[in-house]
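FYI, side chains are in, hydrogens and waters are out, and symmetry mates aren't considered; it's all heavy atoms of this structure.
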Amino acid sequence: MAELVRLSYEIQPEDPGWPGNPTYRWEQTSSIAGGDVANFGILHLCDHFGSHLDAPNHFNERGPKIAEVPIDRFVYERPRLIDVPRGDGELVTRPELEAHDADVRDADLLLIRSGWSRIRSDEPDRYASRGPGVSPEACEYLIEQPGLKAIALDFISLASYGKLDPDGIVAHQILCGVGRDDRYVIIIEDVDLSGYPAGAQRVYAIPLFAAAADSSPCTVFAEVG
């Protein structure tokens, strides 16, 4: 029987988010302890908080919104993990990805592990505001791969906060398919790759199919064995 390993983080109010963005708050509106017949409430949740998935519409006005993306774009039969260690604000470069060319060309999901998740709990402000990113040149290389459906990152965003303009904006525009007809690469951000299982056969990244939303938090898990 297959083992399922979760790669997405539990959503906590104190978790790091993109600086200045709203995060998460739970509002209890009915409580058994308070005399009601059931527990329920309201999720106040930014669509780019925690482990989340950027649909093309995030940076591409003509790109599909999250509920419009075909469901097969969230199931990956050829996940490939590569290690590209990064420090504060460092961008993943095209030559560093080209060094893993065989894996990149074979992947329908490329998981880029920088090691940055090691500080997520202990240094959340640094994790959010000084995290690494991926360069526009690296994104050009990625979108050139016809079989690549998505990338997953163990840092908060494709863009490094300190290098948002122009590098982070351009990088997002490239993978979101601006000016590229229907070609795009899904971006899965803030994923825990520290315990990525050897021998993972499939990875799933399941969003909320929320009407009108450009993107969504998602549950990501690997299937092993």
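- For the side-chain hydrogen bond (donor to acceptor under 3.5 Å, both in side chains) with R80, the lone residue among D103, D108, D106 that qualifies is D106.
- Rounding to the nearest 0.5 Å places CZ of F74 at 5.5 Å from CG of L53.
- Between E90 and S114 the shortest side-chain heavy-atom distance does not fall below 4.5 Å.
- Note on I206 and L4: same hydrophobic cluster, where clusters join Ile, Leu, Val, Met, Phe, Trp and Tyr whose side-chain heavy atoms are under 4.5 Å apart, directly or indirectly.
- Interatomic distance, I187 CD1 to C139 SG, rounded to the nearest 0.5 Å: 7.0 Å.
- Taking 4.5 Å as the limit, every side-chain heavy atom of T23 sits out of range of all side-chain heavy atoms of D15.
- In this structure, I151 is a member of the same hydrophobic cluster as V84, with clusters built from ILVMFWY side-chain heavy atoms closer than 4.5 Å.
- Looking at R86, its side chain does come within 3.5 Å of a backbone N or O of L91 through a donor-acceptor pair.
- Each of F49 and I156 belongs to its own hydrophobic cluster when Ile, Leu, Val, Met, Phe, Trp and Tyr are linked at side-chain heavy-atom distances under 4.5 angstrom.
- Within a 6.0 Å radius of CG in D72, other residues, nucleotides and ligands contribute more than 12 heavy atoms.
- In summary, the side chains of H48 and D190 do not present any donor paired with an acceptor at a separation below 3.5 Å, with no hydrogens or angles considered.
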Test log, rule side chain to side chain contact (heavy atoms under 4.5 Å, CB included), inputs Q28 and W26: CA-CA 6 Å; Q28 186 92 36; W26 165 249; 3.1 Å; yes

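- Residues L111 and R113 form no side-chain contact, since every pair of their non-hydrogen atoms from C-beta on lies 4.5 Å or further apart.
- No side-chain heavy atom of I66 sits less than 4.5 Å from a side-chain heavy atom of S215.
- By the criterion of side-chain heavy atoms lying less than 4.5 angstrom apart, applied directly or through intervening Ile, Leu, Val, Met, Phe, Trp or Tyr residues, I186 is not grouped with L110; the two fall into different hydrophobic clusters.
- Of the possible polar contacts, one joining the R118 side chain to the G115 backbone as a donor-acceptor pair under 3.5 Å is found.
- Using a 4.0 Å cut-off between charged side-chain N and carboxylate O, R94 and E137 make no salt bridge.
- Judged by the 6.0 Å and 45° rule, R120 forms a cation-pi pair with Y9.
- With no hydrogens or angles considered, a side-chain donor-acceptor pair links D101 and Y141 at under 3.5 Å.
- Under a hydrophobic-cluster definition in which Ile, Leu, Val, Met, Phe, Trp and Tyr are linked whenever side-chain heavy atoms come within less than 4.5 Å, directly or via other members, V69 and I71 are assigned to the same cluster.
- Between L142 and V104 the shortest side-chain heavy-atom distance falls below 4.5 Å.
- The aromatic rings of Y161 and W18 stand perpendicular to each other, their planes meeting at an angle above 60°, with 30° marking the opposite boundary.
- Atom CZ of R126 sits in a crowded spot, with more than 12 heavy atoms from other residues, nucleotides or ligands closer than 6.0 Å.
- Distance check, rounded to the nearest 0.5 Å: NE2 of H100 to CG of L81 gives 9.5 Å.
- More than 12 heavy atoms of other residues, nucleotides or ligands shown are found within 6.0 angstrom of CD on E27.
- A donor-acceptor pair under 3.5 Å links the side-chain atoms of S8 to the main chain of V220, judged by distance alone.
- For the atom pair OG (S121) and CD (E14), the distance works out to 9.0 Å, reported to the nearest 0.5 Å.
- Using a 4.5 Å cut-off on side-chain heavy atoms (C-beta onward), P217 and Y24 make no contact.
- A donor-acceptor pair shorter than 3.5 Å cannot be found between the side chains of H58 and D47.
- No side-chain heavy atom of W116 sits less than 4.5 Å from a side-chain heavy atom of L153.
- Taking 4.5 Å as the limit, every side-chain heavy atom of L175 sits out of range of all side-chain heavy atoms of Y184.
- Rounded to the nearest 0.5 angstrom, I188 CD1 and I112 CD1 are separated by 11.0 Å.
- One finds the OH atom of Y76 at 14.5 Å from the CZ atom of R202 (value rounded to the nearest 0.5 Å).
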